[in-house]
Amino acid sequence: MLTSIRNSSVLTAQFRLGACRVGNATTLKASQLFSRKQQRFAHTPTRNAGFKQLTSADIEQFKSMLPSETILATPAVGGSSDPVELEGFNADWLNKYRGASQLVLRPKSTQEVADILRYCNENQIAVVPQGGNTGLVGGSVPVHDEVVLSLRNLNKIRGYDEVSGVLACDAGCVLEELDNYVAERGHTMPLDLGAKGSCHIGGNVATNAGGIRFLRYGSLHGSVLGLEVVLPDGTILDNMSLLRKDNTGYDLKQLFIGSEGTLGVITGVSLLTPRRPAAVNVAVLGVSSYEQVQVAFKLARQRCGEILSAFEFWDASCMGAVLHHHALRNPLSSEFPFYVLIETSGSNKSHDDEKLSELLEELMEAEVVEDGALAQDDSQIAKMWTMREGIPESLGKTGATYKYDVSIPIPVLYDVVGDIASRLEAAGLYKQGDTTRPVKLVCGYGHIGDSNLHLNIVADKFQDKVTDIFEPFVYEWVQSHRGSISAEHGIGLMKRDYLKYSKSSPMIDYMKRIKSLFDPKGILNPYKVV
Ligand code: FAD
Ligand code: 2HG
Ligand code: ZN
């Protein structure tokens with residue numbers, strides 16, 4: 001029996017003090033939305049003068065295509081909606097990017113999406129597709145006055161095959177609701193992320209979202225079987241295949257996965273949902289160094305490879321923020337420089353329990369891990385996940401959060417956190433523990449199993465003076481280690497000018513050619529990605 005891993009009664013007693021589930025991103029956004037003034041950055045692209053400015057005649061046209069309750073138009077364009085109603089569509093989750101759209105359209109069918117796009121294309125009206133608006137790179141909100149095309153009313157499940165586990169649904173279905181639906185049928189969505197209560201499956205596909213199950217189920221490039229996409233000229237590409245195998249030429253759907261709304265509007269998604277694991281175990285471990293985090297990961301793969309479903313880590317600064325903002329208690333006996341969350345998922349509980357216990361004992365005996373807590377029931381599992389998934393929300397409550405989502409080889413993955421902290425210190429903007437400086441926290445966490453670090457820098461506000469310390473430095477750093485400047489959040493507006501750090505110029509050139517093939521007039525999500 002493992003003695004150092006805290007037993008259930010201790011864990012239960014501590015957790016009883018008020019843990020809560022990570023908040024729905026929409027809820028956070030609503031409460032935070034106008035509490036901080038959004039900054040315009042020096043590099044905000046200027047408005048493309050070729051795009052038409054909306055008139056009341058355009059609004060009349062949209063009224064002839066759509067039910068009136070699906071249109072939000074302000075008096076500035078001849079409508080009657082209060083501009084406050086549009087604020088939530090103009091500001092991103094981070095409250096870092098804000099557009100000035102005067103028109104939001106919320107179509108209820110693929111045909112309505114096609115009618116809108118055809119009209120916009122013919123009239124050179126710029127459009128930004130929007131899902132749950134949880135994106136973290138400024139891709140989901142207008143830069144200037146682009147029309148917001150919200151997919152939230154396209155939210156029906158189209159069909160489910162319980163034998164194959166193939167789900168077909170509208171793009172505006174919320175990820176968590178889909179997971180609840182397939183859970184009732186013994187399956188699970190192949191992706192899971194902290195924003196699941198708000199993000200749409202269409203947004204997930206458009207960003208090629210990764211998340212905490214990537215280690216087990218891999219990329220959406222593998223799970224997505226088919227897409228229905230409306231092109232900027234109104235053409236509906238019906239590629240809603242329900243088949244796992246389909247080798248009939250070019251796999252066009254792959255181009256839209258991760259295209260961030262720049263090539264077409266995704267209106268339907270079909271994807272493979274795996275069987276829901278019958279047995280799930282979660283443990284949180286305290287680790288004294290990043291080197292030991294790596295040792296723990298190596299051993300976890302060796303001992304539990306076939307049942308390992310997540311291996312996440314975070315540092316002490318993240319833990320401080322999440323414990324503070326979620327009223328959680330640390331389940332471990334003391335504080336550690338690093339924390340690891342291990343999850344196993346399988347079909348045989350006693351087999352998995354035994355394998356995980358053996359791993360944990362080995363980690364403790366080898367002094368790789370200094371203390372750990374093993375969840376004893378679903379409620380403890382949820383609380384442990386809150387410690388990890390609640391980090392972005394907690395940092396957001398701490399201050400304006402600059403986010404870098406990078407892939408770097410695991411051995412050097414955490415080094416960039418220290419290097420950024422040193423640069424900020426040298427500039428006098430940051431000193432660990434000194435809250436009077438503009439930068440409060442420099443911290444790292446992420447999906448270590450996927451070589452994916454989330455470097456977050458929390459400051460009192462967004463300002464170029466701070467950004468200039470770590471941009472383009474962080475991208476140069478990543479490039480020098482042959483990493484990727486975006487592991488999972490995408491390019492959006494934030495990284496558009498830095499794409500060259502991860503893609504060669506011939507590749508960028510081909511990306512631009514693909515963009516002009518699908519969207520020759522450039523109306524779809526302009527100023528983003530390329
Ligand atoms: P939006 O934010 O609305 O849009 C994102 C981009 O996709 C935009 O460019 C938009 O134009 C485009 N788009 C949206 N819908 C469509 C559509 N139907 N057709 C065409 N283009 C479209 N991301 C991860 O990868 N892994 C994580 O673990 C993760 N965790 C997160 C945790 C939190 C708390 C938050 C706030 C975000 C997290 N994200 C994560 C980022 C974000 O949630 C994901 O990128 C998500 O997939 C975005 O979905 P959405 O519906 O909110 O899309
Ligand atoms: C996560 O893994 C998300 O929690 C968000 O990808 C990361 O906010 C971030 O930097
Ligand atoms: Zn992530």
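Order of listing sets the numbers, starting from 1, for every ligand and every atom in it.
Those atoms of ligand 1 that come under 4.0 Å of a heavy atom in G264, given as number and element, are 20 (C). Every atom of ligand 2 is numbered from 1 in the order shown, and the set under 4.0 Å from a heavy atom of H489 is 3 (C), 5 (C), 6 (O), 7 (C), 9 (C), 10 (O). Atoms of ligand 1 lying under 4.0 Å from any heavy atom of G203, numbered from 1 in the order shown and given with element: 14 (C), 15 (N), 47 (O), 49 (O), 50 (P), 51 (O), 53 (O). Shown in contact with H454 at under 4.0 Å from a heavy atom are these atoms of ligand 2, numbered in order with element: 1 (C), 2 (O), 3 (C), 6 (O), 7 (C), 10 (O). Interface of L136 with ligand 2, defined as ligand atoms under 4.0 Å from a residue heavy atom, comprises 5 (C), 8 (O). Listed by number with element, the atoms of ligand 1 under 4.0 Å from a non-hydrogen atom of V265 are 19 (N), 20 (C). Listed by number with element, the atoms of ligand 1 under 4.0 Å from a non-hydrogen atom of G135 are 2 (O). Counting atoms of ligand 2 from 1 in the listed order, those under 4.0 Å from a heavy atom of R388 are 1 (C), 2 (O), 4 (O). Heavy-atom contacts of N525 reach the following atoms of ligand 1: 9 (O), 11 (O) (cutoff under 4.0 Å). Within ligand 2, counting atoms from 1 as listed, the ones closer than 4.0 Å to a heavy atom of H447 are 2 (O). Numbered from 1 in the order shown, with element, the atoms of ligand 1 that lie under 4.0 Å from a heavy atom of E260 read 9 (O), 11 (O), 12 (C). Here is the list of ligand 1 atoms found below 4.0 Å of a heavy atom in L151: 18 (N). The N456 neighbourhood of ligand 2 comprises atoms 10 (O), with distances under 4.0 Å to a heavy atom of that residue. Taking every heavy atom of A209 and a limit of under 4.0 angstrom, the matching atoms of ligand 1 come to 25 (O), 47 (O).
For the ring pair (Phe, Tyr, Trp, His ring centres under 6.0 Å) test with Y498, the passing option among Y475, Y404, F470 is Y475; the others fail.
R216 has no carboxylate O lying under 4.0 Å from a charged side-chain N of E343, or vice versa, which leaves the two without a salt bridge.
Contact annotation for T134 and ligand 1: heavy atoms of both the backbone and the side chain come within less than 4.0 Å of the ligand. With a 4.0 Å heavy-atom cut-off, ligand 1 is reached by the backbone of N204 and by its side chain too. Using a 4.0 Å cut-off between heavy atoms, E389 makes no contact with ligand 2 at all. For I266, heavy-atom contacts with ligand 1 shorter than 4.0 Å involve the backbone as well as the side chain. Of the heavy atoms in T262, none comes closer than 4.0 Å to ligand 1. Contacts between E389 and ligand 1 below 4.0 angstrom, taking non-hydrogen atoms only, are absent altogether.
Residue H489 does not count as close to the Zn ion (ligand 3), with no N, O or S atom under 2.8 Å. For E488, the nearest N, O or S atom to the Zn ion (ligand 3) falls under 2.8 Å.
Side-chain N or O atoms of N121 include none that pairs as donor or acceptor with a backbone N or O of L117 at under 3.5 Å.
Of the protein's non-hydrogen atoms, Y445 OH, 2.9 Å is the one closest to atom 9 (C) of ligand 2. K403 NZ, 2.5 Å is the protein heavy atom nearest to atom 8 (O) of ligand 2.
Ranked by closest heavy atom to atom 12 (C) of ligand 1, the top entry among S259, A195, A206 is A206. The residue from T207, L220, V128 that puts a heavy atom closest to atom 6 (C) of ligand 1 is T207. Ranked by closest heavy atom to atom 28 (O) of ligand 1, the top entry among G211, G210, S150, G172 is G211.
Rounding to the nearest 0.5 Å gives a distance of 5.0 Å between OG of S486 and CD1 of I491. Distance CZ/F89 to CZ/R98: 14.0 Å, rounded to 0.5 Å. With values rounded to the nearest 0.5 angstrom, L271 atom CG is found 8.0 Å from L178 atom CG. Expressed to the nearest 0.5 Å, how far CE of M387 lies from CG of L341 amounts to 9.0 Å.
H144 and Y527 have their aromatic ring centers within a separation under 6.0 angstrom.
For the residue pair E488 / H454, a side-chain donor-acceptor distance below 3.5 Å is found, with atom types taken as modelled. Using modelled atom types, one finds a donor on one side chain and an acceptor on the other under 3.5 Å when comparing Q111 with D115. Of the N and O atoms on the side chains of N456 and Y445, at least one donor lies less than 3.5 Å from an acceptor on the other residue.
Residue-ligand proximity: H489 is placed with a non-hydrogen atom under 4.0 Å from ligand 1.
Considering backbone and side-chain atoms alike, Q130 places every N or O at 3.5 Å or more from each N or O of ligand 1.
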